[in-house]
Structure formats: structure tokens, C-alpha cells
Amino acid sequence: MEVRIFDTADEIAVACADIFTEIIKNKPDCILGLATGASPVKTYKELIRRYNNGEISFENIRTFNLDEYCDLPRDDKNSYYTFMHENLFNSVNIKEENVHIPDGNAADPEAHAKSYDAMIDAAGGIDIQLLGIGTNGHIGFNEPSDTFSDGTFKVKLTDSTIKSNSIYFDDDSMPRYALTMGINSIMKAKKIVLIATGEAKADAIKATVDGEVTPMCPASVLKNHPDAILLIDKAAAKLL
Ligand code: F6R
């Protein structure tokens with residue numbers, strides 16, 4: 001696992017967009033694994049800028065998102081479907097049929113999760129997976145646990161995640177469950193890039209980089225991946 005430390009989130013966005021640009025240029029029909037949340041927003045802005053410059057095209061790209069809340073209408077302002085369209089898809093030439101986000105309202109979440117993994121495999125696997133990290137070390141919505149998860153599954157969110165993400169929701173309306181790619185689905189990606197900024201992530205980054213590989217800090221598993229890069233700022237790197 002490689003760790004690169006930057007002064008600012010803007011520098012991280014450029015570095016991350018550089019990695020994506022290289023892959024997109026080498027393989028215009030590549031498969032991107034995408035994340036939501038605050039961490040990737042600047043990277044998406046930079047990719048949109050490069051698309052507008054004519055540097056990259058999304059015409060033949062297929063995307064698979066990490067996760068989606070359960071029991072939230074797809075067009076809710078807080079759904080990850082809405083987030084991805086507002087922050088990336090509406091501003092580039094991706095084809096809607098090439099966009100994949102787990103369906104948090106699937107009648108049979110287990111069957112849907114299986115078919116989501118099967119679709120990723122059928123597409124040839126993810127060429128590059130973008131990740132953020134929770135303050136508790138989660139990646140996707142793989143919360144600290146006794147075992148590493150396998151494929152996509154329905155997860156009960158922890159109090160720590162509910163506390164971090166409920167700032168986006170009115171009242172107490174944040175969903176308690178989500179569908180998420182599992183650790184094994186994430187680890188199958190050919191390349192993984194994780195972004196972390198700010199002091200709130202310092203403990204999780206310390207456990208990921210310097211701690212043992214343990215499902216109690218799900219991101220620590222990235223140490224077992226042959227091509228994982230952490231792009232972090234000085235505040236997130238503070239305890240290293
Ligand atoms: C989002 C996701 C989560 C976030 C993590 C960090 O698709 O899977 O793991 O990456 O919760 O969120 P931010 O970036 O908002 O701090």
C-alpha cells in the first residue's frame with residue numbers, strides 16, 4: 001500500500017484525477033468503481049474540467065458505485081443516485097445505461113446484491129476503485145466487524161456512521177441500512193485509490209497504515225492489495 005501525503009485537498013484531487021486520466025486514456029472503455037461523500041467531490045470536479053477540455057471522454061466508460069442507502073427514494077436529495085448525477089454524471093457524456101448504483105429499494109436485496117456482483121464480473125471487473133474512509137475505518141459501508149465481508153450485501157449502519165452522515169438529513173430521517181459492495185468485491189478491483197482529508201480521519205488512517213490487518217478497521221485490508229494508493233492530507237496523516 002502506497003501512502004502519498006499532500007498539503008491540500010485540491011492537490012489530492014489533481015493527483016487522483018491524474019491516476020484516473022491515465023487509465024481512461026489507456027482504456028477508453030474502462031470500468032470505474034465510484035464513491036460518494038465529501039472526499040471525491042473535488043476529484044469529480046477536476047474530471048469534469050478535463051472532460052470539458054476534451055482531455056477525457058466518458059462515452060464508453062461503465063461505472064459501478066460502492067453503495068446506496070436502503071428505503072430512500074432514488075430521487076431523494078440524499079440518495080447516492082442523486083449525488084452521482086449532480087456531482088459527475090450530469091456534467092459528462094456518460095450513457096445512463098452504463099451507470100450502475102445498487103438499488104437500495106430492491107424488493108429482494110440479497111438477489112439484487114448477487115446480480116450486482118455478477119454484473120461487475122461480467123463487465124470484466126473494476127479497473128480502478130475510488131474510496132473514501134469513515135472515521136471508524138469503514139470503506140464502502142463495510143463497518144467494523146468480526147469478519148471481512150464477501151460480495152455486495154445489506155448492512156446495518158453503525159451509530160458512528162449515522163452520526164457522521166445524518167448532518168445531510170433533516171430530523172432523524174437518515175436511513176439505518178444500506179447496500180454496499182463487500183470487502184471482497186472492493187479487493188477484486190485492479191487498482192484502488194483512497195482519499196482522506198482532515199483531522200477527523202487521522203485515527204482511521206493511523207489504524208489503516210500502521211495497525212494490523214483486521215476487520216475491526218476494514219480499510220486495513222488494503223495492505224493486502226497489490227496496487228492500493230492512499231492520497232491523504234497532512235491533517236489525516238497527523239498520527240503517522
Ligand atoms: C461513500 C462511501 C463511504 C465514504 C466514507 C467517507 O460511497 O462508501 O465509505 O467514502 O463514509 O465519507 P466522506 O468522504 O463524506 O468523509
Side-chain angles (χ1 to χ4, degrees), residues 6 9-10 12-13 16 32-45 63-70 72 74 76-89 99-104 113 116 120 126 128-145 148-149 151-169 174-187 189 192-205 207-208 215 217-222 228-233 235-237:
F6 297 83
D10 287 337
I12 291 178
C16 190
L32 304 182
L34 299 177
T36 58
S39 305
V41 169
K42 282 173 184 274
T43 297
Y44 293 153
K45 280 206 171 79
T63 63
F64 288 88
N65 261 79
L66 279 169
D67 40 21
E68 177 61 283
Y69 291 117
C70 291
L72 193 64
R74 195 175 81 158
D76 188 276
K77 70 176 169 54
N78 280 311
S79 76
Y80 287 168
Y81 176 90
T82 300
F83 176 97
M84 286 309 303
H85 284 79
E86 284 179 352
N87 284 283
L88 181 64
F89 299 147
V99 164
H100 303 91
I101 299 173
D103 178 1
Y116 197 70
I120 296 174
I126 289 170
I128 179 165
Q129 176 67 56
L130 183 56
L131 297 176
I133 184 171
T135 52
N136 62 2
H138 75 208
I139 48 177
F141 274 136
N142 291 275
E143 303 284 32
S145 158
F148 284 118
S149 59
T152 300
F153 69 109
K154 182 171 176 173
V155 65
K156 185 171 179 8
L157 301 173
T158 59
D159 290 345
S160 143
T161 297
I162 291 166
K163 190 174 162 215
S164 302
N165 290 13
S166 54
I167 51 164
Y168 300 111
F169 290 83
M174 173 164 161
R176 273 23 184 188
Y177 288 87
L179 281 185
T180 181
M181 278 190 204
I183 291 293
N184 193 34
S185 337
I186 292 171
M187 289 294 277
I192 298 179
V193 180
L194 182 149
I195 292 177
T197 59
E199 216 177 312
K201 302 291 171 71
D203 284 324
I205 289 298
T208 300
C217 174
S220 65
V221 77
L222 299 178
I229 306 173
L230 269 50
L231 305 177
I232 61 179
D233 70 357

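When a ligand or atom number is given, it counts from 1 through the structure's own listing order.
A distance of 9.0 Å separates CE in M181 from CG in L131, rounded to the nearest 0.5 Å.
Residue R74 qualifies as open at atom CZ: its count of foreign heavy atoms under 6.0 Å is 12 or below. Under a cut-off of 6.0 angstrom, the local environment of OH in Y177 is sparse, with at most 12 non-hydrogen atoms contributed by other residues, nucleotides or ligands.
The aromatic rings of Y81 and H85 lie tilted to each other, with the angle between the two planes from 30° to 60°.
Under 3.5 Å, the side chains of Y69 and N165 contain a donor-acceptor pair of N or O atoms. Under 3.5 Å, the side chains of S164 and T161 contain no donor-acceptor pair of N or O atoms.
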Tabulation required: pairs of a nitrogen or oxygen in ligand 1 and a protein nitrogen or oxygen under 3.5 Å; columns are atom names and distance to 0.1 Å; otherwise 'none'.
residue, atom, partner, partner atom, Å
ligand 1, 7 (O), T36, N, 2.9
ligand 1, 7 (O), T36, OG1, 2.8
ligand 1, 7 (O), D67, OD1, 2.8
ligand 1, 7 (O), D67, OD2, 3.4
ligand 1, 8 (O), D67, OD2, 2.5
ligand 1, 8 (O), G140, O, 3.4
ligand 1, 9 (O), H138, NE2, 3.4
ligand 1, 9 (O), G140, N, 3.4
ligand 1, 9 (O), G140, O, 2.7
ligand 1, 10 (O), G132, N, 3.4
ligand 1, 11 (O), H138, NE2, 2.7
ligand 1, 14 (O), A38, N, 3.2
ligand 1, 14 (O), S39, N, 2.8
ligand 1, 14 (O), S39, OG, 2.5
ligand 1, 15 (O), A38, N, 2.8
ligand 1, 16 (O), K201, NZ, 2.6

